[in-house]
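Right, one structure below, let's go through it.
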Amino acid sequence: MLGRPTHQAFKRTSGVKFPLKGFSPVRNVSNSSVLKTVSSSLSDSVINNVADDKRPLPREAKVVICGAGVMGASVAYHLAELGWGSNTVLLDQGNIGGGATGHTAGLVGVFKPSLAQVRLVQSTVALYKSLEERGLPTGWKQCGSLCLAKTRDRMTVFRRMKALAVSWGIDCKLVSPEEVLQLCPLVRTDDLKGGIWIPGDGVGDPIQICQSLVKVAQDGGVHVLEGCSVKRVVSSDGRIVAVDTSHGTVECQYFVNCGGFWARQIGQMSEPFVKVPLHPCDHYYLHTRPIPGLDPMTPVVRDQDSHIYFRENDGCLMLGGFEPVAKPAFEDGLLPEASSASRKLPEDWDHFHVLLEQMLHRVPTLGSTALDRLVNGPEAFSPDCKWILGEAPEIENYFVAAGMKTVGISAAGGVGHSTANWIVNGFSSYEMYELDITRFLGLHNNRKFLRDRVREVPGLHYAINYPFSEFSTGRNLRMSPIYPKLREAGAVFGQVMGYERPVYFDPEGLLANITPEPGSEKPFRIAETKTFGKPDWFDIVSEEYAACRESVGLCDYSSFTKIDLWSKGNEVVESLQHLCSNDVDVPIGSIIHTGMQNSRGGYENDCSLARLAENHYMMIAPTIQQTRCKVWIQRHLPTDGSVALSDVTSMYTAICVMGPFTRSLLSELTDTDLSPQSFPFFTFKELDVGLANGIRAMNLTHTGELGYVLYIPNEFALHVYTRLKEVGERYDLRHTGYYAMRALRVEKFFAFWGQDLDTTTTPLECGRSWRVKFEKGTNFIGREALLQQRDEGVKRMYVQLILQDHDPDVDLWCWGGEPIYRDGIYVGATTTTGYGYTFKKQVCLGFIQNFDESGEPQKVTSDFVQSGSYEVDIGGIRYLAKVNLRSPNLPTKFPDKEREAYQATRDKVGVSEPILKAVNS
């Protein structure tokens, strides 16, 4: 028998299913009973009022928190723990825990899609256990959770989860269908492949948790008011200064929007609007009547392939799910007031039917069990099905913690801790860039876009997260001027920041089984990789890769973030020297690659800067940084307006041509001398191309291959593209997509922000110490932290691993996040992975550490890295790997000094940019 907390076993009984049509469960459930759905330990009265009704709203405070659900309560609790309680006000337009918190299922599952989310949940579980130890009720019950697999791919997901569990510190076990039945006799198992058992998971009582957090916050001095609604959030000079409420105005320095599905509306109460892209949708909970003999420690069961879950709840079953096509709520944009009965959405048994059928199948005894009620409450989802956290880009000191997609209780402790630390200390204790609100643009807050996207997003919560997954809604939104030509050329598209980007080209429609009609328009195709093994686009990408290395490849780089910075005097140089760890005071026409570090030395931005004129730079940054890096720069520029910043991303079409014949090709289209002596590597020139002028040309490709990126004013884009195509026919020019770019840069050991680099990664850890100019005469941001790290040594190091005994045709592939073992001991995890078409092997990038016996990281040296024997764990199978600390020189038919001299990642300080200083010497 598998070990789990046990009470009296529940015996499976066969029963007759009730008819789906004409079934009439108990109706007319009062609001208070809905609130008590998962709060059986509370009294029969309405939730105890713990607010400070007799105290007036203070005129001044440091922090005002809007929303006293579990998220707002957690932020208040942690601010009180940090000593800010007496300077904090917690407001709610209704009752404490009376919003979405009052009708959530109370599930606390530790496994989440990323390490950052896992750490937030682990912090939450620790908090609930701590509260219980202090005699404060939370309803925490560690009953474990059981996830079921109906398909091979789902079992592959579970095997990958099991492998990740080592590094994430999660106790779990893969189980057979027979073991599933032992763990939960309620479950039908004849169609299962297996499952995964997570004994540390559990459930909690959302309202008890909320009340306990508020009680501790009050004891710490937090002022709590119910029935107090926010009317306006006031800012001055881009910072929070006050909040107008129904009880008066309170001056403050920070505002935290924990408004649940009201968060987007609250964002519109400020000037400028704070964009919180959320939309509510229907979310259903089915409650049974008491079931005799039901084990109170019945585990939470998640059958993701059937889109459903269930848990034991005070002798009854509570069942819910995430239907594949959700139903948007409040489509007219008019949200109910907290006291309005319309906040509880009407039952829709027809819509719920798809989940009910699966529930009846998975839990056969449900067919003979008396049902109590179907509860439908609005739950808010973000456009990418991730939580929304962090400081708003529009207003300083305006924080958001919303979009928790029904699992706010599982993240509340970590989110509250992170937000409070961010407010008090100026930074989060967690790496959360993937959850940061700055990952969005204004388009993501469009209500119609959100309405369409929310139909798709909830179903993805339980869907298999295949590599490079794409959304099907909100497409064809941002497109470069050459998009129609790329589509006609057979582009298959991925989307980043709303931008359609070709990921590969299939002009004959081979992978889609499409036979194009002569003269007909090519259909819009969204990329998909429905496998964890060798993808069907492998051979196509191989040919695109070969073109970039042996002839000419053309790729649309238009989505890259493009920002111009300039000043009348030297202010822009001084500002960038303060922001950047590299020396940006380079000759006009030079390009410098640099990080913008935070105070801890981590990367806030990783970019290329081209010096266009004495006091004018153009910055190129990752697509996902368009909002984030712009805000970071703006908040560190002089307040006198002496430095101007303009986001020119949408003004230029960027076409990259790469390969050994690109100089010859481009020379046929311009009168400018492109020889290495006149236009060396890592430099900039303004060119005429064809009949067009004003093209900003940069001699780099971001992949390590020879070539140019042409930043073309949009009105000339089609002309330049057409001329490149016409002349390129003589050089076997081929369209290429981002999958080929990824393969190129992984083989060349190039790190990208958001995939390999983040706000906790320093240049010294990733082989870029040669790009940090400590002696440039400016005390740049992060300098002290990097100097300290240089003196003490790094505690992790960026490496390239090439798998040696992996068969790409048969074995599962690396897709990122795989554990790395050194001499049989876990030392780290992969970040970016791909197939090396030159190596003809799987290539992994990642970080390794040196843990002592107590699990504490120690200093990592090059000798430590190179002296070990390495393996990478892919779904439970370990593969031998060769380790590299510097970018390799790949064999090629067309050797070139420029390409060979440049190494983006290196273990020792070497040549500085502009790199051609080494080539010409």
Side-chain angles (χ1 to χ4, degrees), residues 31-32 35 46-47 49-76 88-103 207 210-211 213-214 217-218 222-235 240-271 273-276 278-280 329-330 332-345 377-380 392 395 397-404 408:
N31 284 339
S32 61
L35 290 173
V46 179
I47 301 171
N49 189 340
V50 296
D52 306 320
D53 288 335
K54 297 180 181 179
R55 293 172 60 190
L57 180 74
R59 296 185 62 183
E60 294 182 0
K62 280 188 176 180
V63 186
V64 172
I65 304 168
C66 177
V70 69
M71 207 59 59
S74 178
V75 175
T88 299
V89 176
L90 176 63
L91 309 175
D92 197 285
Q93 62 177 338
N95 295 324
I96 291 169
T101 296
H103 62 254
I207 296 176
C210 199
Q211 290 184 331
L213 290 171
V214 170
Q218 284 181 300
V222 174
H223 193 128
V224 183
L225 278 87
E226 293 180 318
C228 180
S229 58
V230 170
K231 300 300 182 183
R232 187 166 69 108
V233 180
V234 186
S235 63
I240 292 293
V241 295
V243 176
D244 292 341
T245 78
S246 57
H247 289 195
T249 299
V250 53
E251 296 180 1
C252 60
Q253 300 170 31
Y254 299 88
F255 177 76
V256 188
N257 182 347
C258 299
F261 69 82
W262 288 281
R264 182 175 181 270
Q265 179 177 287
I266 295 168
Q268 297 173 346
M269 295 178 180
S270 60
E271 179 58 44
F273 283 3
V274 169
K275 303 175 186 67
V276 187
L278 294 171
H279 199 293
F330 314 121
D332 58 4
L334 301 176
L335 302 183
E337 297 294 332
S339 59
S340 173
S342 63
R343 188 184 66 200
K344 178 176 176 287
L345 298 170
E379 285 286 355
I395 302 175
N397 297 342
Y398 187 123
F399 288 83
V400 177
M404 307 314 292

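All of these numbers come straight from a predicted model, not from anything done at the bench.
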Main-chain N/O of Ile240 paired to Asn397 side chain as donor or acceptor, under 3.5 Å: no
d(Cys252 SG, Glu60 CD) to nearest 0.5 Å is 10.5 Å
Check: Ser270 side chain, Gly267 main-chain N or O, donor-acceptor pair, under 3.5 Å: yes
What one should report as the nearest heavy-atom pair of Leu91 and Val89 is CD2-CG1, 3.4 Å
Donor-acceptor under 3.5 Å (His223 side chain, Pro56 main chain): yes
Locate the shortest heavy-atom distance separating Ile96 from Cys210; write the atom from each residue and the value. CG2-SG, 3.7 Å
Point-to-point distance, once rounded to the nearest 0.5 Å, from CD of Gln211 to CG of Leu213: 10.5 Å
Min side-chain heavy-atom separation Phe330-Pro336 under 4.5 Å: yes
Closest heavy-atom pair, Gln218 versus Val224, reported as atoms and distance to 0.1 Å, is CG-CG2, 3.6 Å
Working to the nearest 0.5 Å, report the span between CD of Gln268 and NZ of Lys275. 10.0 Å
In Å, rounded to the nearest 0.5 Å, how long is the span from OG1 of Thr245 to CD of Gln93? 12.0 Å
Short side-chain to backbone donor-acceptor contact, Ser246 and Ser229, under 3.5 Å: yes
Val274 and Asn257, any side-chain heavy atoms less than 4.5 Å apart: no
Here the pair of heavy atoms bringing Leu90 nearest to Ala73 is CD2-CA, 4.4 Å
On a heavy-atom basis, which atom in Gly227 and which in His247 lie closest, and how many Å separate them? O-NE2, 3.4 Å
CD1 (Ile65) and CE (Met71) are apart, to the nearest 0.5 Å, by 12.0 Å
Sort out for me which residue in Val241, Val400, Ile395, Ile266 forms a side-chain contact (heavy atoms from CB on, under 4.5 Å) with Phe255. Ile266
Between Val75 and Cys258, is there a side-chain heavy-atom distance shorter than 4.5 Å? yes
Distance col, row Thr249:OG1 vs Arg59:CZ, nearest 0.5 angstrom, shows 9.5 Å
Within-4.5 Å side-chain heavy-atom neighbours: Trp262 and Val230: no
Kindly give the heavy-atom pair with the smallest separation between Glu271 and Ser235, and that separation in Å. O-OG, 3.2 Å
